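Written below as structure tokens is the structure these notes are about.
Quick note on labels: first sequence line is chain A, next is B, and so on, each numbered from 1. All values below come from the heavy atoms of this structure, side chains included, with hydrogens, waters and symmetry mates left out. All of these numbers come straight from a predicted model, not from anything done at the bench.
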There are 2 protein chains.
Amino acid sequence: MAAINNLKPTESELEILQILWEKGNCTVRDVHEILEKNKDAGYTTTLKLMQIMLEKGLVARDASSKTHIYRALLNQEKTQQHLVDKMIDNVFNGSAARMVMQALGNHTASKEEIDSIKKYLDGLSNQ
Amino acid sequence: MAAINNLKPTESELEILQILWEKGNCTVRDVHEILEKNKDAGYTTTLKLMQIMLEKGLVARDASSKTHIYRALLNQEKTQQHLVDKMIDNVFNGSAARMVMQALGNHTASKEEIDSIKKYLDGLSNQ
DNA sequence: ATTTGATTACGAAACAATTCGTAGATAAAG
DNA sequence: CTTTATCTACGAATTGTTTCGTAATCAAAT
């Protein structure tokens, strides 16, 4: 298997990808210890997931030493874009604006965040 | 089964919910004909899905005549909010702002949409 | 050298989602 | 009344995801 075709990681895969995106190179144990904080699953479960992700081409690994070192192959931004687009389509009937308002309406965003979004929008419309 | 506990409809279920949210009351055939436009699946597949959704309490139906009439039980806004929150958490490490910018950055939003969002944000921060 | 501990590989079970075929019921058309 | 079409119910196959137990390997510690 291979090819960076799969922009549709499963939920578990996404959890792992997020860690790899943030931390860079990780062993299975690194990833597992972070995952453990939020959910409980055995070590071999994490291992298996990462092995499957390898088969799918979502990650690559350096297997030169006994303890393998993994890194993400999927691009973070592209994946995020793809998932957001899908949600806009699936859940908000194609209206980005509706999603944005829904996201910002409910105390999810701080004043600072809102200000930074405004600045961002100003930049957008002045182009 | 019952209870409006399930805010996590599957993808197929979401497709159906969207139709019910928009159209209101629908027969299986109504739903199926709309679904067919975008995907191909047999009639009994749609039927089965809706029956499962009934068991899960996602929809209700009037079965007084031979052809049953379905309606959504899940609240559209709450479901949208839940899914957006989950995405912010799962995909954007908890930052609503990052998601919004990602959503708006890529030509997904028209000038009009962006303007309406700006107005919306002004309303928010003046509270 | 032997034991201990951590690691990978692998198969399989458990679960969930999707798809569809078939049968039986009901209504409409002839 | 009989045929035809449409509908629901249901079981089962298929596919995908998640979980974990067990065995084999290797390295470090004793």
Side-chain angles (χ1 to χ4, degrees), chain A residues 1 3 5-20 25-36 38-71 74 79 83 86 90-91, chain B residues 1 5-20 25-71 74 79 83 86 90-91:
Chain A
M1 299 276 150
N5 246 336
N6 195 343
L7 281 183
K8 216 191 148 204
T10 69
E11 218 159 295
S12 297
E13 288 169 348
L14 209 49
E15 287 173 348
I16 291 173
L17 281 173
Q18 287 216 70
I19 293 169
L20 293 176
N25 290 352
C26 287
T27 65
V28 173
R29 182 147 305 274
D30 293 337
V31 170
H32 180 63
E33 269 165 14
I34 295 174
L35 282 183
E36 262 186 328
N38 298 317
K39 72 193 267 195
D40 86 346
Y43 174 83
T44 53
T45 301
T46 305
L47 171 65
K48 180 70 166 187
L49 281 172
M50 292 176 75
Q51 285 171 342
I52 290 172
M53 291 170 77
L54 179 69
E55 278 174 19
K56 291 188 185 175
L58 302 181
V59 299
R61 75 179 173 192
D62 173 355
S64 61
S65 51
K66 185 196 169 193
T67 302
H68 303 351
I69 298 184
Y70 288 77
R71 70 177 193 278
L74 236 56
T79 305
L83 292 172
K86 229 186 62 180
N90 271 340
V91 183
Chain B
M1 300 273 152
N5 246 337
N6 196 344
L7 282 183
K8 216 192 148 205
T10 68
E11 218 159 296
S12 297
E13 288 169 348
L14 210 47
E15 288 173 349
I16 291 173
L17 281 172
Q18 287 215 73
I19 293 169
L20 293 176
N25 290 351
C26 286
T27 65
V28 173
R29 182 147 305 274
D30 293 336
V31 170
H32 180 63
E33 268 165 14
I34 295 174
L35 281 184
E36 261 186 327
K37 291 177 191 161
N38 298 317
K39 71 193 269 193
D40 86 345
Y43 174 83
T44 53
T45 301
T46 305
L47 171 65
K48 179 70 166 186
L49 280 171
M50 292 176 75
Q51 286 170 342
I52 290 172
M53 290 170 78
L54 179 69
E55 278 174 19
K56 292 189 185 175
L58 302 180
V59 299
R61 76 179 173 192
D62 173 355
S64 59
S65 51
K66 185 199 168 191
T67 302
H68 302 353
I69 298 184
Y70 288 77
R71 70 176 195 277
L74 235 56
T79 305
L83 293 172
K86 230 187 61 180
N90 272 339
V91 183

Would you mind reading off the distance between [X] atom [atom1] and [N] atom [atom2], rounded to a whole angstrom?
| X | N | atom1 | atom2 | answer |
| --- | --- | --- | --- | --- |
| A:Lys48 | D:dT22 | NZ | P | 16 Å |
| A:Leu14 | D:dG16 | CG | C1' | 17 Å |
| B:Leu47 | C:dT22 | CG | P | 16 Å |
| B:Leu17 | C:dA17 | CG | P | 14 Å |
| B:Glu55 | C:dA16 | CD | P | 13 Å |
| A:Met50 | D:dT17 | CE | C1' | 17 Å |
| A:Ile69 | C:dT8 | CD1 | C1' | 14 Å |
| A:His32 | D:dT19 | NE2 | P | 11 Å |

Would you call [X] and [Y] a side-chain contact if the rule is heavy atoms closer than 4.5 Å?
| X | Y | answer |
| --- | --- | --- |
| B:Thr46 | B:Leu49 | no |
| A:Ile16 | A:Met50 | yes |
| B:Leu83 | B:Leu14 | yes |
| B:Leu17 | B:Met53 | yes |

Indicate whether OP1 or OP2 belonging to [N] is found under 4.0 Å from a side-chain N or O atom of [X].
| X | N | answer |
| --- | --- | --- |
| A:Lys39 | D:dT19 | yes |
| A:Thr27 | C:dT7 | no |
| B:Gln51 | D:dA9 | yes |
| A:Thr10 | D:dT17 | no |
| A:Ser12 | D:dT18 | yes |
| A:Tyr43 | D:dT19 | no |
| A:Arg29 | C:dT7 | yes |

Supply the atom-to-atom distance B:Arg61 CZ to B:Gln51 CD, rounded to the nearest 0.5 angstrom.
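CD of B:Gln51 is found 6.5 Å from CZ of B:Arg61.
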
Could you give the distance from OG1 (A:Thr45) to NE2 (A:His32), rounded to the nearest 0.5 Å?
8.0 Å

Would you say B:Thr27's side chain and B:Asp30's backbone share a donor-acceptor pair under 3.5 angstrom?
yes

From the set C:dG21, D:dC20, D:dT17, return the single nucleotide nearest to any side-chain atom of A:Thr44.
D:dC20

Taking the nucleotide of DNA chain D with the closest heavy atom to each, which residue, A:Leu49 or B:Val28, is nearer the 5' end?
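In this pair, the answer is B:Val28.
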
Of the residues in residues 60-68 of chain B, which ones touch DNA chain C at a heavy-atom distance under 4.0 Å?
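Going residue by residue through residues 60-68 of chain B, the ones with a heavy atom under 4.0 Å of DNA chain C turn out to be B:Lys66.
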
